[in-house]
Every structure is written in C-alpha cells, then in structure tokens.
There are 2 protein chains.
Amino acid sequence: MTSTDHGPRPAVRPTRQRRAVAAALAGFDDFRSAQEIHDLISRQGDSVGLATVYRTLAALADAGEVDMLRNEDGEAIWRSCSDTHHHHLVCRACGATVEVEGPAVERWTSAIAGEHGYADISHTLEIFGTCPGCR
Amino acid sequence: MTSTDHGPRPAVRPTRQRRAVAAALAGFDDFRSAQEIHDLISRQGDSVGLATVYRTLAALADAGEVDMLRNEDGEAIWRSCSDTHHHHLVCRACGATVEVEGPAVERWTSAIAGEHGYADISHTLEIFGTCPGCR
DNA sequence: GGAGAAGTTGACAATGATTCTCATTCAAGT
DNA sequence: ACTTGAATGAGAATCATTGTCAACTTCTCC
C-alpha cells in the first residue's frame, strides 16, 4: 500500500462499476443518454445498475471529466471531454460532435454579465446542425 | 403592416383558455415553469387545465411568441419575448431575466458551423448568474 | 489476517414533468 | 339553429431521474 497523502481523502473508490462506465465512455465520441450508456455496458458484458450509472456520470460531470448537456427534449446526454472549457457542434441526425472553443464568446458573456451587474457567471452554448455526412 | 399570409395556418381559435394563458404571460418578466403559470392562472380566477396550458405554451413557442428554455434541471421554462433572435441573462436565484443580443455570437456560430460543413444551423446560448439584488 | 467504519451498489419504489386518450364542449360558417 | 372539426379537461400513461435501504466492498488500523 504505497499511499501518498494529499490532504483530505478524495473518498472515491475504484470499483468494477466505475471502471465499466469509464470504459463505456471511452467507446464513443458523441453524446449518449444514461440509458444508452447503460445498454452499452451490458453489451460489453458488464452488469451495472442504472442508478449507479446515473450516480457515476453525475460524479464524473462534477469532477469535470465528462460533459453533460440536454437535448431538445430536456434529456441529459453525456460524453467524455477534454478538460478545457469548450462548446459543441452537434449533428441533429447522427449525433456527431465537434468540440469548439470561442474565446470571443467567453469574453462577450462576461462583459454582458458585468454590464448588468450579474456575478458568478456560467453559460451554456451549443450549436446544432446537420453534418456533411447526413445531408 | 406586413402581409399576414404566412402560408397555411391551422385554425387557431381564440378561446377563454388561450386568453387566460396570454394574460398570465403578460404578468411577469422572468421565466416560469408551466406549473407556475398554471398556478398563476388559477390565482387570477380562471380555471384552465394543466394539459391545456402545456398545449398553449407549446403552440405559442412554435409561433415564436414565447421563449422556452430549460433550467439546469431540464425543466422547460417560459416567458413572452420580443420577436427578434436573442439570448438571456438569467438570475439563478430570483429568475430575473435580461434579453441580450449578440450579433458577434451569431456570426461566430455560423462561421464555426460552416467551417465544419454543418448546415441548417441553430444554437442555444443562455447565461446564468446572480443578479445585483440577490447577492 | 481480521474487525469495524465508511463509501458503494442494486433492486425497486417514488417523483415529477410532460404527453396521451377520449368523451365532451365550443367556435365558426352555413 | 345545425354541422364539423378544433379545443378542452380529467386522469391515465410515459419516462427520465432520484430516493431508499439492506447487502456488499474497500480501506484503515491494529
């Protein structure tokens, strides 16, 4: 047990289930619903409760390791992501996703918010369209 | 006055219920859930079924007369709006809303989309924060 | 190696928003 | 008034998501 103490314990344990979710996330590039991810895991031979999938995804999103956004029906959809702040260009038909960055947009939102005295700003920006392959 | 003929429009009848929803919408500036709007209507003395409120809000949103967006829980929230394309700066605490326009953002999103060959673009951009009054 | 504490899990119930069903009611045109 | 199709409401039905709680791991300390 070589252990390095870094202040308060993370208290996050590496379990079979969490590994399965991580493995599933590694297997696709677009956004998927929790249920789809749950199915994927089953198809990979593992068995993880749906509630656990939700819990794990929420934890990962909290830790900034996955992106969660909502499709037009309000359903949560997820995918693993790079750790910088970015937005998405998502194909309406096939779900193909491109991560995009827009420093200008970041600047613009903080400027607008500041102008109106709003603090503690966050924002959502997603672009939907039809990708070249789906036309 | 612009032409009123915008193609085949399914008959929309002015009913007591639709007037009640419109009246309720006129009574607030921030985003409210369908249920809150339903409560408002009741409090104003009218009685309209919840399903009808949903149907009417959906129709109005379709017609571009109200904005519908999703809060962080994925719930649909609504408010009447101006008819130009715009975005919102919403207070996380009290729901106070400011409509903002960002030509630069519009330009940026189409540029990005074009760059990647995506067509038929739409986008969502909402800014959340804490308003001056709620700090 | 083992005991006990604390984080995790799974099966299933519970919630809650939104939609659907369908018999009834209403507005518009004749 | 009479007919017709849109509109409504009450409640059932969906469906994603969260809560419950006993059983089960993993970790730590001895």
Side-chain angles (χ1 to χ4, degrees), chain A residues 1-25 31-42 44-63 65-79 95, chain B residues 4 8-25 31-42 44-63 65-79 95:
Chain A
M1 342 303 188
T2 58
S3 63
T4 1
D5 270 8
H6 274 274
R9 320 257 145 115
V12 168
R13 296 174 179 172
T15 63
R16 175 179 66 75
Q17 291 84 344
R18 284 179 194 178
R19 248 172 281 124
V21 172
L25 282 167
F31 280 88
R32 305 283 179 95
S33 71
Q35 315 247 4
E36 288 172 326
I37 293 171
H38 178 254
D39 288 350
L40 244 176
I41 293 172
S42 304
Q44 289 182 349
D46 283 305
S47 171
V48 177
L50 182 55
T52 299
V53 172
Y54 273 104
R55 280 186 289 239
T56 304
L57 286 173
L60 287 173
D62 227 49
E65 285 171 51
V66 305
D67 281 328
M68 183 266 258
L69 62 87
R70 305 220 171 242
N71 66 18
E72 293 177 357
D73 293 329
E75 276 182 285
I77 49 180
W78 327 64
R79 59 164 274 182
Chain B
T4 55
R9 175 155 297 173
V12 169
R13 297 175 179 172
T15 63
R16 175 180 66 74
Q17 290 85 344
R18 284 177 193 176
R19 249 172 280 124
V21 172
L25 282 167
F31 280 88
R32 305 281 178 94
S33 70
Q35 316 247 5
E36 288 171 326
I37 293 171
H38 178 253
D39 288 350
L40 244 176
I41 293 173
S42 304
Q44 289 181 348
D46 282 304
S47 172
V48 177
L50 182 54
T52 298
V53 173
Y54 272 104
R55 279 186 289 240
T56 304
L57 286 173
L60 288 173
D62 229 47
E65 284 171 50
V66 306
D67 281 327
M68 185 267 258
L69 62 87
R70 306 232 169 227
N71 66 17
E72 292 178 358
D73 293 330
E75 275 180 287
I77 49 181
W78 328 64
R79 60 164 273 182

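Numbered from 1 within each chain, the chains take letters A, B, ... in sequence-line order. These figures come from a predicted structure and were not determined experimentally.
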Ignoring the backbone of A/Arg13, work out which of D/dC27, D/dA16, D/dG5 is nearest its side chain. D/dC27
Would you give the length of the straight line joining atom CG of A/Leu57 to atom CG of A/Asp62, rounded to the nearest 0.5 angstrom? 12.0 Å
For the side chain of A/Ala34, counting heavy atoms from C-beta on, which of D/dG9, C/dA28, D/dT17 is nearest? D/dT17
If you find the nucleotide of DNA chain C closest to B/Arg19 and the one closest to A/Val53, which residue's nucleotide is nearer the 5' end? A/Val53
Nearest-0.5 Å distance that lies between atom CG in A/Leu60 and atom CE in A/Met68: 12.0 Å
From CG of A/Leu50 over to P of C/dG10, roughly how many Å is that when rounded to an integer? 10 Å
With a non-hydrogen cut-off below 4.0 angstrom, is A/Arg16 in contact with a base, only sugar-phosphate, or nothing? sugar-phosphate
Quick note, A/Tyr54 side chain, CB onward, closest among C/dT8, D/dA16, D/dA7 is D/dA16
To the nearest Å, how far apart are B/Asp73 CG and D/dT18 P? 8 Å
Looking across every strand, which nucleic acid part, if any, lies under 4.0 Å from B/Ser33 by heavy atom: base, sugar-phosphate, or nothing? nothing
Which of D/dT17, C/dA6, C/dC20 is nearest the side chain of B/Ala51? It is C/dC20
Choose from C/dG10, D/dT17, D/dG9 the nucleotide whose nearest atom is closest to any side-chain atom of A/Ala76. D/dT17
Out of D/dT17, C/dA28, D/dG9, minimum distance to the side chain of B/Arg55 belongs to D/dG9
Here the gap from A/Asp73 atom CG to A/Glu75 atom CD, rounded to the nearest 0.5 Å, amounts to 6.0 Å
Value rounded to 0.5 Å, distance of OG1 in B/Thr56 from NE2 in B/His38: 11.0 Å
DNA chain C: 5'-proximal contact among A/Thr56 and B/Ile77 (nearest heavy atom): A/Thr56
Counting only side-chain heavy atoms from C-beta out, which of D/dT17, C/dT9, D/dA6 sits nearest to A/Gln17? C/dT9
Measure from the side-chain heavy atoms of B/Thr15 and tell me the nearest of C/dA17, D/dT8, C/dG10. D/dT8
Rounded to the nearest 0.5 Å, how far does CG of A/Asp46 lie from CD of A/Gln44? 7.0 Å
Rounded to whole Å, please give me the gap between NE2 in B/His38 and P in D/dG9. 8 Å
